[in-house]
Engineer: 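Could you have a look at this structure, given as structure tokens, before my questions?
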Protein chains: 2
Amino acid sequence: MTGNSRFAVSVHVIAYLAYKAGAPVTSAEIAASVDTNPVVIRRLLSALVKARLVTGHKGVGGGFGMASAPANITLLDIYRAVEPQPDHGLERFSPNHKCPVGARIEIILRTAFFKAQTSMEAELARISLEDVHRQIKPVCTGKR
Amino acid sequence: MTGNSRFAVSVHVIAYLAYKAGAPVTSAEIAASVDTNPVVIRRLLSALVKARLVTGHKGVGGGFGMASAPANITLLDIYRAVEPQPDHGLERFSPNHKCPVGARIEIILRTAFFKAQTSMEAELARISLEDVHRQIKPVCTGKR
DNA sequence: TAGTTATGTAACCAACTTTGTTACGATATG
DNA sequence: CATATCGTAACAAAGTTGGTTACATAACTA
């Protein structure tokens, strides 16, 4: 049970917006789909709006909607919008620089983590919201 | 300050063992290099011994040492030894399955996370402890 | 065998993170 | 003006992490 669910929930949220494309969707409605509190959803949507992935409107008849076509949004866009830069534990890692190992290990680890992270992000960039949406649609339309 | 430092510290620990190759090294000595408590080091070493990356001996003249040549150990071996399988937040994510999005999103996310994780691990597998050791050695030997 | 050194691990604590919740102000609609 | 909705602060409960103490176990030395 390590880490947080912000990214997972955010993908769900945007997938829901794509699913309900057109009409504005309230945080309460999305919360019902995710099974959580509307404030949790609004917190994430706040970050997604700042990243220009989503638009939001207050007041009667307000709610949220996609800011662009699903084909133009990747999972990496969502990941970057809601997750801080991972530090892989280097924040709380300050070895003894008087030891040759302690003096050099940080830059070595930074380099390794950067490669690993870059590779992971490239994989997320290969998946678009359209890919996600395509796997949800059939349940509602096809099959009769 | 997200995540933990187990992997980072573990790489430091094994790099230190490689650096001190031959003689057994105590948890207290490693702790001085990492700048933490010996128990923290022994906790990680316990996992590394179980993964057969490291050997340990009790008693006078005891301590830890590498179980194989640095060329035969990759960062992925260390990662798997000390980190649990990441769940990317799916553990605490149980959407409403009555909603078509909630019903399908879990498997979609699982697939995406698996690809991302696999890609990241492949990158860690490309870095051996010998690569790490090579970047530490020069400080102690060369340059005169 | 006694004394010393070192590991193995349990128990506990403080600090931090994460999520859910209440509350309330701001804003848009009609 | 009344209502719906967002935006965000404040707080609590539960879990994670790293540091610390404590002590049992094991191995070496004399």
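Hydrogens, waters and symmetry mates are skipped; everything else that's a heavy atom, side chains included, is used. Below, read A as the first sequence line, B as the second, and so on, with proteins coming before strands; counting in each chain starts at 1.
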Engineer: Which residue pairs satisfy the side-chain hydrogen bond (donor to acceptor under 3.5 Å, both in side chains) criterion with at least one member in residues 59-75 of chain A, sequence neighbours excluded?
Structural biologist: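 Every side-chain hydrogen bond (donor to acceptor under 3.5 Å, both in side chains) pair that includes a residue of residues 59-75 of chain A, provided the two are not neighbours, is A:Thr74-A:Asp77.
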
Engineer: D:dG7 P sits how many Å from A:Leu48 CG, rounded?
Structural biologist: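 That distance rounds to 11 Å.
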
Engineer: To the nearest Å, give me how far apart CZ (B:Phe93) and C1' (C:dG20) are.
Structural biologist: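 Spelled out: CZ on B:Phe93 to C1' on C:dG20 is 16 Å.
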
Engineer: Can you tell me how far P of C:dA14 sits from CZ of A:Arg92, to the nearest Å?
Structural biologist: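 The answer, rounded to whole Å, is 18 Å.
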
Engineer: Nearest-Å distance, CZ (A:Phe64) to P (D:dT5)?
Structural biologist: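 Spelled out: CZ on A:Phe64 to P on D:dT5 is 11 Å.
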
Engineer: Among B:Lys115, B:Arg80, B:Arg126, find the one that has a salt bridge (charged side-chain N to carboxylate O under 4.0 Å, His left out) with B:Glu121.
Structural biologist: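 Among the candidates, only B:Arg80 passes.
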
Engineer: From CG of A:Leu44 over to P of D:dC6, roughly how many Å is that when rounded to an integer?
Structural biologist: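 In whole Å, D:dC6 P and A:Leu44 CG are 14 Å from each other.
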
Engineer: Please identify each residue that fulfils side chain to side chain contact (heavy atoms under 4.5 Å, CB included) with B:Val40, with sequence neighbours left out.
Structural biologist: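 Counting only residues at least two positions away or on another chain, B:Val40 forms a side chain to side chain contact (heavy atoms under 4.5 Å, CB included) with B:Thr36, B:Asn37, B:Arg43.
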
Engineer: Give the table of side-chain donor-acceptor pairs shorter than 3.5 Å for residues 27-35 of chain B, with sequence neighbours excluded, one pair per line with atom names and distance.
Structural biologist:
| unit_1 | atom_1 | unit_2 | atom_2 | d |
| --- | --- | --- | --- | --- |
| B:Ser27 | OG | B:Arg42 | NH1 | 3.1 |
| B:Glu29 | OE2 | B:Tyr16 | OH | 2.6 |
| B:Glu29 | OE2 | B:Lys20 | NZ | 3.3 |
| B:Ser33 | OG | B:His12 | NE2 | 2.8 |

Engineer: When you measure from the side-chain N and O atoms of B:Ser5 to the phosphate of D:dG18, is any distance below 4.0 Å, counting only OP1 and OP2?
Structural biologist: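 True: B:Ser5 side-chain N/O within range (under 4.0 Å) of D:dG18 OP1/OP2.
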
Engineer: What is the distance, rounded to the nearest whole Å, between atom CG of B:Asn4 and atom P of C:dT18?
Structural biologist: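 These atoms are roughly 12 Å apart.
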
Engineer: Does D:dT5 have OP1 or OP2 under 4.0 Å away from a side-chain N or O of A:Ser27?
Structural biologist: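 So the side-chain polar atoms of A:Ser27 never come under 4.0 Å of the phosphate oxygens OP1 or OP2 of D:dT5.
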
Engineer: Could you tell me how far apart A:Glu83 (CD) and C:dT19 (C1') are, to the nearest whole angstrom?
Structural biologist: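 The answer, rounded to whole Å, is 14 Å.
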
Engineer: Between D:dG19 atom P and B:Arg6 atom CZ, what is the distance in whole Å?
Structural biologist: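 After rounding, the reported distance stands at 12 Å.
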
Engineer: Could you pull out all residues at least two apart from B:Ala47 that satisfy side chain to side chain contact (heavy atoms under 4.5 Å, CB included)?
Structural biologist: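 Result, side chain to side chain contact (heavy atoms under 4.5 Å, CB included) vs B:Ala47: B:Val82.
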
Engineer: What residues, two or more places apart in sequence or in another chain, satisfy side chain to side chain contact (heavy atoms under 4.5 Å, CB included) together with B:Pro24?
Structural biologist: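 By the side chain to side chain contact (heavy atoms under 4.5 Å, CB included) rule, B:Pro24 matches no residue at all.
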
Engineer: How does protein contact run along nucleotides 20-30 of chain D, one letter per nucleotide 5' to 3', with B for base contact, S for sugar-phosphate only, - for none, heavy atoms under 4.0 Å?
Structural biologist: BBB--BSBB--

